[in-house]
Each structure stands twice: as C-alpha cells, then as structure tokens.
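FYI, side chains are in, hydrogens and waters are out, and symmetry mates aren't considered; it's all heavy atoms of this structure.
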Amino acid sequence: DFTNRTDLSPNIATNFLKGYYTSAQEKSLVAVICQETYDELIDQLAQGGEVYLAPQYTSLLPFIKDYLVWATMEIYYPLSKAKSTPAGMRKHTDTISTEAVAAEIDIYVKNAESNKEFYQDKLVNFLEENKTNYPLWEKSNCNNCKAFTKGVGGVRFTSKNSNNTVIKYT
C-alpha cells in the first residue's frame, strides 16, 4: 500500500488519497497502456474486481499499481500542505511540525516523478515483451508509449459498465 511504498506516515488514512489516485489513473495511466487496453481493464474490474480479470491483466496489474502509486504521489506532494474545508483551503499544522517550503516539496515531487518514470519503463517493457498477450495495446497508436511521460487528450473517464472504477493500490 501507499505507506509501505512511499514515505507517507503510517498514521495517514490513505482513503483521502483516492481523488489523487483516480486522477493519476485517468490522466496518465491511459497514456502508458493506451485507451483501448485501459478501457478493457476497467470494464473487467467494474464487473467484479480483480477476481474477474483475464490472466494477462492479472499479470499486468502489479506493474500498473507500482506506476500509479508514484504517479499519485507526484500529484499529491505539491498539494499536501493544504486541505479543502467548508471554510476554504486550510494549511495543515500541528504543535511540533514546521511548514515545508516549496524547494523541499519540490525534492519529493522530483523523486516521485523519477520513481513514476522508472515504473512506467517497467510497465511498458513488460507490455512490449508480452505484446502478443495484449493485442489491444499492440495494435494501438500507443504501442510505443516510451515517448509519453505526460497525459494525452481524449481520455474516457468512466468505464462502459461503471463510473470511476478505481484500481485498488493494495
């Protein structure tokens, strides 16, 4: 889970990361595994979770999860100093901490980006080495996704069968 793979405190309730995680999934994962492959994966997950996945997606899922954890952290770190409340945006503080400055947060963002790119390479290499098992990916315009490190336009944000199906990260 997030606290084991990142430097997040084990006291953080990771359910609040769902919005960041969903954003990473919908914005950048599609650029890596391509729209058709993403749609098929999400549609299978929407039918009943990981137990309903075709064997090739069961094999791919660990690579996707590693990638998504770091894509999420890349989004989360710059936004981690404040939280939206009914009274507006509020800065997180407690009695023994000091506020991290932008330069310090930038180090974490760069580390998350580096880890995301590392796991993206592993994911794409796995797809490339097993492309006959992923015909939608092999036939797509995104077959050579190594050029992509940012999201692409035209993303379908929901599956055919369910709204906002999220790949569980644990």
| Would a hydrophobic clustering, with Ile, Leu, Val, Met, Phe, Trp and Tyr connected at side-chain separations under 4.5 Å, put I64 with F118? | yes
Taking all atoms of both residues into account, what is the closest heavy-atom pair of [X] and [Y], and its distance?
{"X": "E128", "Y": "W137", "answer": "OE1-CH2, 3.4 Å"}
{"X": "L127", "Y": "I33", "answer": "CD1-CG2, 4.1 Å"}
{"X": "A54", "Y": "Q44", "answer": "N-OE1, 2.7 Å"}
{"X": "E50", "Y": "K65", "answer": "OE2-NZ, 3.1 Å"}
{"X": "T72", "Y": "Y20", "answer": "CG2-CB, 3.7 Å"}
{"X": "S59", "Y": "P62", "answer": "O-CD, 3.4 Å"}

| task | Check the pair I42, Q25 against side-chain contact (heavy atoms from CB on, under 4.5 Å), reporting the backbone distance first and the verdict last. | result | CA-CA 10 Å; I42 294 302; Q25 176 180 315; 3.4 Å; yes
Side chains of [X] and [Y], heavy atoms from C-beta outward: is any pair under 4.5 Å?
{"X": "L123", "Y": "L29", "value": "yes"}
{"X": "L41", "Y": "L53", "value": "yes"}
{"X": "Q56", "Y": "N130", "value": "no"}
{"X": "E74", "Y": "W70", "value": "no"}

Spacing of [X] atom [atom1] and [Y] atom [atom2] [to the nearest 0.5 Å]:
{"X": "K131", "Y": "Y134", "atom1": "NZ", "atom2": "OH", "answer": "14.0 Å"}
{"X": "Q120", "Y": "N115", "atom1": "CD", "atom2": "CG", "answer": "12.5 Å"}
{"X": "T37", "Y": "E138", "atom1": "OG1", "atom2": "CD", "answer": "10.5 Å"}
{"X": "Y52", "Y": "T58", "atom1": "OH", "atom2": "OG1", "answer": "13.0 Å"}

| query | Under the side-chain contact (heavy atoms from CB on, under 4.5 Å) test, which residues partner S23, sequence neighbours left out? | reply | K27, I75
| Listed by chain and number, what are the side-chain contact (heavy atoms from CB on, under 4.5 Å) partners of I105, not counting sequence neighbours? | Y77, K81, A100, V109
| request: Check for a donor-acceptor pair, side chain of S140 on one end and backbone N or O of C34 on the other, with a separation under 3.5 Å. | output: no
| request: List the steps and the verdict of salt bridge (charged side-chain N to carboxylate O under 4.0 Å, His left out) for E113 and K116. | output: CA-CA 5 Å; E113 181 180 15; K116 179 191 80 170; 5.7 Å; no
| remark: Residues passing the side chain to side chain donor-acceptor pair (under 3.5 Å) test with Y57, sequence neighbours excluded, are E40
| What residues, two or more places apart in sequence or in another chain, satisfy side chain to side chain donor-acceptor pair (under 3.5 Å) together with D106? | K110
| task | Apply ring-ring contact (aromatic ring centres under 6.0 Å, His included) to F63 and list each qualifying residue two or more places apart in sequence or on a separate chain. | result | F126
| Quick one: do the N125 and E129 side chains pair a donor with an acceptor below 3.5 Å? | no
| request: Check whether the side chains of E26 and Y38 place a donor and an acceptor atom closer than 3.5 Å, and report yes or no. | output: no
| task | Identify, with sequence neighbours excluded, every residue that meets salt bridge (charged side-chain N to carboxylate O under 4.0 Å, His left out) alongside K122. | result | none
